[in-house]
Every structure is written in C-alpha cells, then in structure tokens.
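For clarity, every value in this text was computed on a predicted model and none was experimentally measured. One is the number of the first residue; the rest follow in order along the sequence.
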Amino acid sequence: LVDRFADTVNVKDFGAVGDGVADDTVAIQLAIDTVEAGQKVFFPDGVYRCTNTITVGKAIKLEMESADVASRLLFDTAITRTVQTTYTHPDDGADPAINVALKIDAIGVEIENMVVDLYVDYQDTSATNFGTDIDIGIFIKSKAKTIINKCRTRGYWRIAGLYGDCTVDGGTLDRTSIYDCRFQGFWSVYIQGAKTKTSESEILLGDDRGDGGVSDWHASRVWLEGWSHHSKVRKSDSDGGCLKVDGKLYAGTSSINAIQGRVWLNCRLDGADPYLLKIENAIRDKFVACFVDRKTGYFKTDGITGVGTADCLLSLAAGSQNIFFDKTDIYNTTLDIDVAATYRIKEAYNDDLELVGERSFLPALTFGTGITYTSRSGAYNIDDNRMFFRLALDLSNIGTADASQIQISGIPSIKDNIYVSASVSVSQSTALVSPELAVVGVLSGGSLALWKSSGGTLAYTDCNASGTLYITGIAYI
C-alpha cells in the first residue's frame, strides 16, 4: 500500500485546508514544487482558496478527488498582472501583461477533475458584475503534451477560460489533449500564435516565436459556452465567444499558419456572443460531429435588444485554410466567411435541415463580338471531394453567328485542371427556349471552359437564343 501511493502527495500534508476560507495558495504551490516529475499532487474534496497564480513547472499530475463545483480551486483575489506573452513582434511593442489563475509551464503536465473557479457573487444580477478581475483560468505557456481531463473553468475570465499561448521562442502546443471539459470566459478557448511584424507580410527567418507550432491538438466532448453571464446580457457586441484561433509561422517564402492540425470531436460551441467560432489565421481545423448553436434569451450590451442569428457569427477570415466541418449541426448563426478562406462542409445541417456553407460568387463571361450580358447570381458548396455550383447570367444580342466558346470566369478554383460535368439551358421568363445540354468542362484558374458531351466546344450559337443562361454542375476536386 505504501508503494502504491509513493508517487502521490496530498496537498493537506503541506498545510492546505480546503474550507474555502483559509488561503491555501502557499501550501498548494509548495506541494507542486516538492514533488518530482511523474508524480501526482492530490486534492481531497474541498474548496481551496487561492490568492495568487498557481504555477506548474514540471511534468506532474494535479488531480481533484471529484469533478464537481463543490470541490474546486477558488480564485477570489485580483492577481498582479505579471505574465507576458509575445504575439506582438518586438519592433511593434510589447503585449499587455496579464494575470492567470493556473499556469502550465512545463511539458507533459496533466490535470484531472479540476474546477478552476473565479469568484462571482451570483446574487448580484447586474450585467457589469464580472466577479474577481482575472484574465485567464488555465494558461498553457507554449508547452507541449498537456492533458486536461474532466476539468472546468467557471466564471467571467476577462480574456479566456483556457488560453493556449504559442509565442515563446521555440514554443509549441503540440499534442495537447482535452477531454470531457467545460470552459467559460470572454473566450471559452483562445489559441494564439505569433503575429507578423506590421511592416512585413510574413514572419521572417530568425523570428522563433512559437516556431514549434500547434499540431496534433485534440479536443473531445468539450463544451465551450462563451461568456454566458447570469444576467443574460453579453459583455461586448463586437468581440468574444466560444473559440478563437490566430497565429502565423515562417515557411520559406510565404506565410503559413503555425496554428494547424487540430481536431474537435463531438464538441459543443454554444454561446450568445458575437462569435461562436472565429478563426483568423489557422490551417486544418477539423470539426467532426460537433454542435454549433446560439443560446436564446440573451441580450446585447444595452440589455434590451435580443441577440439574434445575425448577431452570432461563425467567422473564417482570409487566413483560414482547409477548415473542415463533418456531420456538424450549425444552428442560429450567420456564416461570415472571407472569399480567400478555404474550407469544406460535409453533411453539416442548419435548423431547416438544409446543407450549410453555400457561398456566392459573381460569374462573368469570356464572350465574342456583340454579346452583352448581366451577371445574375452564382453559388457553390463543397462536400467532400466535390464542388457543386450553379450560376445564372442574362444574355442579350448573342445573334446567330457567334461561334465563340462559352467560358465562365469568377468560379472559385480550388486547384487547376478540375474536371466538370454540367448542364446548360437558356430560358425566357420561365419557358425553356433552348434544349438542356449535357456538357463537360475544365475549371482552372477560376475560368471554366465548356465542351459539348457529343464533341466540340460549346458556343453561344448552341444556345440559339437570348435569355437567362443557367449552368449547373459538379467539379470533382
């Protein structure tokens, strides 16, 4: 029995009380600093009051007896802001100092059954009652192989419930694993890498901030609930939400994202903040069997105007590359996706059980002499390895002699030389005035050239009439 518990120390043996009244900060930190790497610090059920940052600086495990808010680390005192990140390039200035409750500052730290609780007087229903002034609940300081299991951050953390910092020289968040957790805060989860120098378009060679990157990050059965203030009023109408990802990495001659390769499996992004998801610079985030939904019954900062679908965004900025949604329900939110972002949506449905992710484009023609047209509409949706698209243009003055090949520009091209199968027709009002033609084509560089399936190029004379040109097709990417 002695050998069985030889690798475990109990915080109460170091003077911790766990009654929610005594200050247990020194005792907890002493226990952590005393154990050897690979050992465990055990917390019997209780409320452990902390008045300063708890720092884990070696590869150990922290484990609470029960995963319940009745047993927790309670932070009820404002902490001096001394923690420094370096996402801003040094030539552009310094990041503002922050304060954190629990800081992970070693590779291979594991936390289990831990509730990190920011003190709030929940009897005070004022929308400005944010509780103790602390920025971050759990802070990972550019360290790999962190495991967080059955944990929770509760309360109104001013920056994030869980913050992954990947900005230290040589730092990385690789192989972070998060299971069965729940995070609350201005951002539930915030992952930040180094930003480029203002005068540069990429991070240059020799800038080693976070150059280890973030890959193999895995989160499963995690609830990201945003601010979720007990007054039902959100803190901001322009920022904050469930998940934010940002950061870049030097990659030869172009900016590639260091923040890459995360999997979110069976997670819930559920808030009433401006963003349910905001990816600014990242690559290969995969959301599989997730649920993205706006909470109802919440109000904007004026406390009067209800938060609607248009007030909660799923946002992918231009730096979002290869973002993938599979079997993910996306409800009560608005897609805000930059045209330069690349993503795929496979079997993702909204509250009308319609596939989401359809995006618009403005089609144009490469045309012959005397042909005029008006671009009406274009839309496409990517599902697995296929891109479905449809477009409409109002043609006039095509005449009878123009044998120019019909070519459409403006269609997004994921890669060059994509095979296309499509159908073409022309209508006036609702009447079909030319036969529907089966055609094939090649999409390259945003331009689609069409040929008749029976052979030969598809020309304007094949349509044989002015009217609305409709093209519907599949590009096999």
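Using a 4.5 Å heavy-atom threshold, the side chains of Leu276 and Tyr331 count as separate. You'll find the side chain of Phe130 reaches within 4.5 Å of the side chain of Arg158, heavy atoms only. Looking only at side-chain heavy atoms (C-beta outward), Val9 and Phe42 stay at 4.5 Å or farther from each other. Within the 4.5 Å cutoff, no side-chain heavy atoms of Asp117 are placed close to those of Val69. The closest side-chain heavy-atom distance from Asp19 to Val47 is not below 4.5 Å. Between Val116 and Phe183 the shortest side-chain heavy-atom distance does not fall below 4.5 Å. With contacts defined as side-chain heavy-atom distances shorter than 4.5 Å, the pair Ser238/Pro274 does not qualify. Residues Arg268 and Trp223 form a side-chain contact, since some pair of their non-hydrogen atoms from C-beta on lies under 4.5 Å apart.
Side-chain N/O atoms of Asn52 and Thr25 include no donor and acceptor closer than 3.5 Å. Using a 3.5 Å distance cut-off with no hydrogens or angles, the side chains of Trp264 and Asp285 do pair a donor with an acceptor. Using modelled atom types and a 3.5 Å distance limit, the side chains of Thr77 and Thr51 yield no donor-acceptor pair. No hydrogens or angles considered: nothing links the side chains of Asp124 and Ser126 as a donor-acceptor pair under 3.5 Å. Checking Asp68 against Ser66 by side-chain atom types alone, no donor-acceptor pair falls below 3.5 Å.
For the residue pair Arg262 and Val245, the shortest heavy atom distance occurs at NH2-CG1, 3.6 Å. Heavy-atom minimum distance, Ile279 versus Ser320: O-OG, 2.8 Å.
Outside the 6.0 Å centre-distance limit, the rings of Phe186 and Tyr156 are not counted as a close aromatic pair.
Trp157 pairs with exactly one of Asp133, Leu118, Ile136 by the side chain to side chain contact (heavy atoms under 4.5 Å, CB included) rule, that one being Leu118. Of the options Asp165, Ile140, Ile54, a side chain to side chain contact (heavy atoms under 4.5 Å, CB included) to Ile104 is made by Ile140 and by none of the others. When each of Thr198, Thr196, Asp207 is checked for a side chain to side chain contact (heavy atoms under 4.5 Å, CB included) with His89, only Asp207 meets the rule. Looking at Asp246, Asn281, Leu173 one by one, the single match for side chain to side chain contact (heavy atoms under 4.5 Å, CB included) with Gln192 turns out to be Asp246.
Distance check: Asp208 CG to Asp169 CG gives 5.5 Å after rounding to the nearest 0.5 Å.
For Lys58, the NZ atom sits in a packed shell: over 12 heavy atoms of surrounding residues, nucleotides or ligands are nearer than 6.0 Å. Lys61 NZ: more than 12 foreign heavy atoms inside a 6.0 Å radius. Atom NZ of Lys235 has more than 12 neighbouring heavy atoms from other residues, nucleotides or ligands inside a 6.0 Å radius.
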